[in-house]
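In what follows, a single structure is set out as structure tokens and then discussed.
Below, each value reflects all heavy atoms present in this structure, side chains not excepted, and no hydrogens, waters or symmetry copies.
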Amino acid sequence: MAAETSQTLDRGLKVLAQLADAPEGLTVPEISAALGVNRTVVYRILATLEQHGLIRRDAGGRTRLGLGALQLARRAHPLVRDAAVPCLRRLAEETGATAHLTIVDGLDALAVAVAEPTWTDYHVAYRVGSRHPLEQGAAGLAILTARRVRAGLDPAVPYVHVPGDGHRSAPGIAAAVPALAGVEASVGVLSFSELDSERFGPRVAEAALELAETLGGGPKVPAPREEEAVPDESALI
């Protein structure tokens with residue numbers, strides 16, 4: 001026999017999930033249509049979530065995730081980090097490149113876990129806690145591209161490849177981790193030498209899916225589109 005559940009709580013959680021996938025926010029009519037309930041029900045749900053700081057409503061009538069939701073997400077970061085370490089170690093050993101897990105922290109990409117290969121003569125030294133704008137580097141671009149895929153603006157492809165410039169930026173490949181509720185993340189590799197994207201890209205995408213499955217997510221969100229870009233990744237080396 002199926003366990004009894006709370007319909008109101010279920011609807012509230014669905015609202016939070018919808019808002020997590022809509023950085024630009026949603027209107028009450030949009031939420032009402034998505035849930036299939038009338039606006040009165042939506043207003044009650046939003047009022048409750050707002051009391052707990054989980055959502056906020058702007059002057060234009062759009063609803064977004066609140067600081068309370070961000071605080072809950074940050075408390076989940078250690079769980080994500082610990083689950084990622086075995087996956088990153090395997091990825092680093094197989095590719096001979098420094099592997100990392102990156103999450104969104106405001107407008108930045110924040111490295112929360114790093115694994116270095118044990119058999120190479122040299123590799124990129126990338127520190128936990130390193131951060132850079134999301135627009136710079138494969139890790140952040142993978143996350144931004146995944147947002148565009150979810151919004152239907154770009155077709156889905158498995159990974160993002162950023163070639164190095166031979167001076168300040170390190171070559172990188174990254175893939176967004178799909179279907180992690182409340183956490184936007186990517187798995188990637190960095191190297192001093194140019195990376196063979198056709199060889200290592202699929203392995204990076206596989207690692208991202210592996211981590212999603214470990215954390216109870218899965219390939220529900222399309223992977224990012226491969227892009228060629230040259231970011232300023234001076235903070236990574």
Side-chain angles (χ1 to χ4, degrees), residues 13-14 16-17 19-21 23 54 65 68-120 123-132 134 137-147 149-150 156-161 172-191 195 200-224 236:
L13 294 174
K14 287 178 179 177
L16 292 176
L19 294 175
D21 287 334
L54 297 176
L65 288 180
L70 297 178
Q71 291 170 355
L72 289 175
R74 288 193 178 99
R75 291 172 184 172
H77 292 172
L79 171 65
V80 177
R81 179 191 62 220
D82 293 346
V85 170
C87 174
L88 294 180
R89 286 175 178 162
R90 288 191 294 272
L91 183 61
E93 291 298 317
E94 292 174 21
T95 62
T98 300
H100 56 88
L101 171 69
T102 298
I103 62 171
V104 172
D105 187 37
L107 299 177
D108 290 341
L110 174 67
V112 295
V114 174
E116 299 176 349
T118 60
W119 56 270
T120 56
H123 50 262
V124 174
Y126 193 30
R127 297 184 301 275
V128 171
S130 297
R131 65 171 63 234
H132 54 87
L134 287 169
L141 288 174
I143 292 169
L144 291 177
T145 306
R147 289 180 181 176
V149 172
R150 289 195 298 269
V157 297
Y159 56 87
V160 168
H161 174 217
I173 299 173
V177 181
L180 289 186
V183 179
E184 291 182 287
S186 69
V187 169
V189 292
L190 291 167
S191 175
L195 293 162
F200 295 128
R203 181 63 186 91
V204 172
E206 179 185 339
L209 290 175
E210 178 186 339
L211 179 57
E213 293 170 0
T214 299
L215 292 170
K220 301 175 184 177
V221 181
L236 304 187

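Closest approach of A139 to S186, counting heavy atoms only: O-OG, 3.1 Å. Taking both residues in full, the closest heavy atoms of R127 and V114 are given as C-CG2, 4.3 Å, listed atom of the first, atom of the second, then distance. Minimum interatomic distance between A205 and P158 (heavy atoms only, all atoms of both residues): CB-O, 3.6 Å. Here the closest heavy-atom approach between residue V187 and residue A207 is recorded as CG1-CB, 4.1 Å. In plain terms, the two heavy atoms of V149 and A156 that are nearest each other are CG1-CB, 4.0 Å. Contact record, A97 with P117: O-CD, 3.5 Å, taken as the closest heavy-atom pair.
Taking OG1 of T120 as the reference point, atom CD of E93 lies at 8.0 Å (rounded to 0.5 Å). Rounded to the nearest 0.5 Å, atoms CG (L88) and CD (E210) are 9.5 Å apart. With values rounded to the nearest 0.5 angstrom, T98 atom OG1 is found 10.5 Å from Y126 atom OH. One finds the CG atom of L65 at 8.5 Å from the CG atom of L54 (value rounded to the nearest 0.5 Å). Atom CG of D82 sits about 12.5 Å away from atom OG1 of T214, to the nearest 0.5 Å. Annotation: the span from H161 atom NE2 to L195 atom CG amounts to 6.0 Å, rounded to 0.5 Å.
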Item checked: Worked verdict on R147 versus V104 for side-chain contact (heavy atoms from CB on, under 4.5 Å) -> CA-CA 12 Å; R147 289 180 181 176; V104 172; 3.9 Å; yes
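Between P86 and R90 the shortest side-chain heavy-atom distance falls below 4.5 Å. Using a 4.5 Å heavy-atom threshold, the side chains of P178 and L209 count as touching. Side-chain atoms of L91 and R203, non-hydrogen and from C-beta on, do get closer than 4.5 Å to each other.
Listed by first and then second residue, the side-chain hydrogen bond (donor to acceptor under 3.5 Å, both in side chains) pairs involving residues 104-116 are R74-D105, D105-R131, D108-R131, E116-H123 (not counting sequence neighbours).
Of the possible polar contacts, none joining the W119 side chain to the G96 backbone as a donor-acceptor pair under 3.5 Å is found.
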